[in-house]
Amino acid sequence: MHSTQTYREAARAKGVPEHAIELALSLALPQAELTGTDEDGGILVGRYGGLPSLPEGVEWNSGLDFVASVDCAALPPDACNLPLPRDGHLLFFAARTDPDGLALMENSRSVIHVPAGTPTTERPVPDDQEYFPALDQHPLYARTFPSLPSSADDAVLLHPEISDLYFEHDLEYLDQRSRQWEVSLYLGGYAYSPQDPPIMGSSPEDEKGGWVLLAQAQLDMPDDPGFTACVFWIIQRDELAAGNFAAAGLVSISYH
């Protein structure tokens with residue numbers, strides 16, 4: 001949603017009672033939306049597409065395409081709900097092929113943190129594997145908006161009072177967020193998925209083994225025209241706190 005105030009106004013216009021509005025907003029998490037435009041005060045924080053710059057000895061994982069590079073120092077400290085590094089770059093890689101259902105790759109080497117000052121060189125697309133051409137390159141500008149869970153998220157499902165109000169008043173449909181295909185990359189917040197969220201460990205009980213959403217994106221699938229890959233980079237809280245991005249997992253869902 002663009003702001004808590006716009007959510008309140010939309011909810012009140014639908015006749016949603018104040019206690020339900022406040023309950024929904026109590027779940028909000030800050031989420032960074034990274035797009036190719038600097039409208040509405042977007043801050044330049046990285047680059048989408050093109051080729052990755054990697055340190056010597058760091059390999060480009062087989063089968064994963066380069067998606068984006070985020071300059072951690074350029075991100076405001078409160079850009080999202082996660083304790084991201086305060087310097088260096090985070091590089092995101094993902095598969096642009098049909099996962100045939102929901103697919104999880106643990107320890108996927110899909111996220112690489114390059115510390116500030118580390119010498120790097122731009123890598124060409126590997127020629128020893130089947131890769132798609134590099135994604136069209138554009139700058140990434142960040143804005144922070146409140147993110148709300150869907151009705152299928154554990155933050156809702158594990159609490160009967162919240163779940164009942166969500167369904168009774170259609171609270172998730174009042175979240176006037178940007179259309180997902182207009183956002184190149186999300187950082188933090190809740191997962192927005194065409195199916196049930198693949199990671200629902202956003203509740204305090206942490207029943208999903210500590211996994212949290214690091215980032216998500218939607219990518220075209222060149223071998224399957226008309227289909228979109230919805231990819232989620234996930235990481236366990238203790239690994240995130242330790243800065244061990246090699247432990248990040250990659251979840252992929254495709255939809256038409």
Side-chain angles (χ1 to χ4, degrees), residues 1-4 6-7 24-48 67-94 110-114 116 139-150 153-156 172 175-180 182-193 197-204 206 208 210-218 230-245 247-251:
M1 58 182 161
H2 291 137
S3 71
T4 56
T6 57
Y7 184 91
L25 291 176
S26 71
L27 303 175
L29 296 174
Q31 183 177 61
E33 292 186 0
L34 278 57
T35 69
T37 173
D38 62 355
E39 292 179 0
D40 301 322
I43 301 171
L44 181 64
V45 297
R47 173 173 57 86
Y48 182 89
V67 177
S69 174
V70 176
D71 182 354
C72 298
L75 278 172
D78 58 353
C80 68
N81 60 306
L82 303 176
L84 298 178
R86 293 310 308 146
D87 64 29
H89 288 75
L90 282 174
L91 278 62
F92 295 90
F93 299 79
S110 59
V111 181
I112 297 173
H113 178 233
V114 180
L140 288 174
Y141 297 90
R143 303 162 193 76
T144 295
F145 298 105
S147 167
L148 286 176
S150 73
D153 196 292
D154 278 353
V156 174
E172 71 175 291
D175 186 359
Q176 300 177 354
R177 56 181 176 259
S178 301
R179 288 171 292 203
Q180 294 175 33
E182 295 177 351
V183 178
S184 300
L185 188 73
Y186 291 96
L187 296 176
Y190 293 100
Y192 302 139
S193 173
I199 293 303
M200 299 180 286
S202 47
S203 62
D206 206 20
K208 296 297 181 183
W211 290 101
V212 293
L213 178 70
L214 177 60
Q216 86 171 73
Q218 297 200 69
C230 193
V231 295
F232 307 85
W233 293 270
I234 62 174
I235 192 168
Q236 291 182 302
R237 287 185 175 89
D238 57 348
E239 301 289 7
L240 176 60
N244 183 22
F245 291 95
L250 180 66
V251 180

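Because the structure is predicted, anything quoted here is derived from the model rather than measured.
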Quiz item: Taking side chain as C-beta onward, heavy atoms only, is Leu214 less than 4.5 Å from Leu84?
Solution: yes
Quiz prompt | Nearest non-hydrogen partners of Gly36 and Ser184, listed with the distance | solution = N-OG, 4.3 Å
Quiz item: So, for Gly188 and Cys80, which heavy atoms are closest and what is the spacing to 0.1 Å?
Solution: CA-CB, 4.2 Å
Exercise. Would you name the heavy atoms of Pro146 and Ala28 that are closest together and state the gap between them?
Key: CB-CB, 4.2 Å
Quiz item: How far does CG of Leu82 sit from CD1 of Ile235, to the nearest 0.5 angstrom?
Solution: 9.0 Å
Quiz item: Quick one: does Thr6's side chain get under 4.5 Å of Phe145's, heavy atoms only?
Solution: no
Self-check item: Stepwise side-chain contact (heavy atoms from CB on, under 4.5 Å) test for Phe245 and Leu240
Solution: CA-CA 7 Å; Phe245 291 95; Leu240 176 60; 3.8 Å; yes
Quiz item: Taking the side chain from His89 and the backbone from Ala73, do they hold a donor-acceptor pair closer than 3.5 Å?
Solution: no
Self-check item: Shortest non-hydrogen contact from Ser110 toward Ala248
Solution: OG-O, 4.5 Å
Exercise. Please state whether the rings of Tyr186 and Tyr192 are parallel, tilted or perpendicular, taking 30° and 60° as the class boundaries.
Key: perpendicular
Exercise. Output all residues satisfying side-chain contact (heavy atoms from CB on, under 4.5 Å) with Ala68, sequence neighbours left out; order by chain, then residue number.
Key: Tyr48, Leu140, Leu185
Quiz prompt | Between OG1 on residue Thr144 and CG on residue Leu75, distance to nearest 0.5 Å | solution = 8.0 Å
Practice problem: Hey, could you give me the CG/OH distance between Leu148 and Tyr7, rounded to the nearest 0.5 Å? | Solution: 5.5 Å
Self-check item: Minimal non-hydrogen separation, Tyr141 against Thr37, with atom names
Solution: CB-O, 3.3 Å
Practice problem: Decide yes or no on side-chain contact (heavy atoms from CB on, under 4.5 Å) for Ser150 and Val156, but give the supporting numbers first. | Solution: CA-CA 8 Å; Ser150 73; Val156 174; over 6 Å; no
Quiz item: side-chain contact (heavy atoms from CB on, under 4.5 Å) between Arg143 and Thr35: does it pass, once the steps are laid out?
Solution: CA-CA 8 Å; Arg143 303 162 193 76; Thr35 69; 2.9 Å; yes
Quiz item: Any side-chain heavy atom of Val114 within less than 4.5 Å of one from Leu91?
Solution: yes
Practice problem: Answer yes or no: is there a side-chain heavy-atom contact under 4.5 Å between Leu250 and Trp233? | Solution: yes
Exercise. Would you check if the side chain of Gln218 reaches a backbone N or O of Cys230 as a donor-acceptor pair within less than 3.5 Å?
Key: no
Quiz item: Which atoms form the tightest heavy-atom contact between Val45 and Ala74, and what is the distance?
Solution: CG1-O, 3.8 Å
Quiz item: Rounded to the nearest 0.5 Å, how far apart are OG of Ser147 and CG of Leu187?
Solution: 11.5 Å
Quiz prompt | Residues Ile112, Phe93; criterion side-chain contact (heavy atoms from CB on, under 4.5 Å); working and verdict | solution = CA-CA 8 Å; Ile112 297 173; Phe93 299 79; 3.8 Å; yes
Quiz item: Is Leu44 close to Asp38 at the side-chain level, that is, under 4.5 Å between some pair of heavy atoms?
Solution: no
Quiz item: Just how far is it from atom CG of Leu27 to atom OH of Tyr190, taken to the nearest 0.5 Å?
Solution: 5.0 Å
Quiz prompt | Point-to-point distance, once rounded to the nearest 0.5 Å, from CZ of Arg47 to CG of Leu34 | solution = 13.5 Å
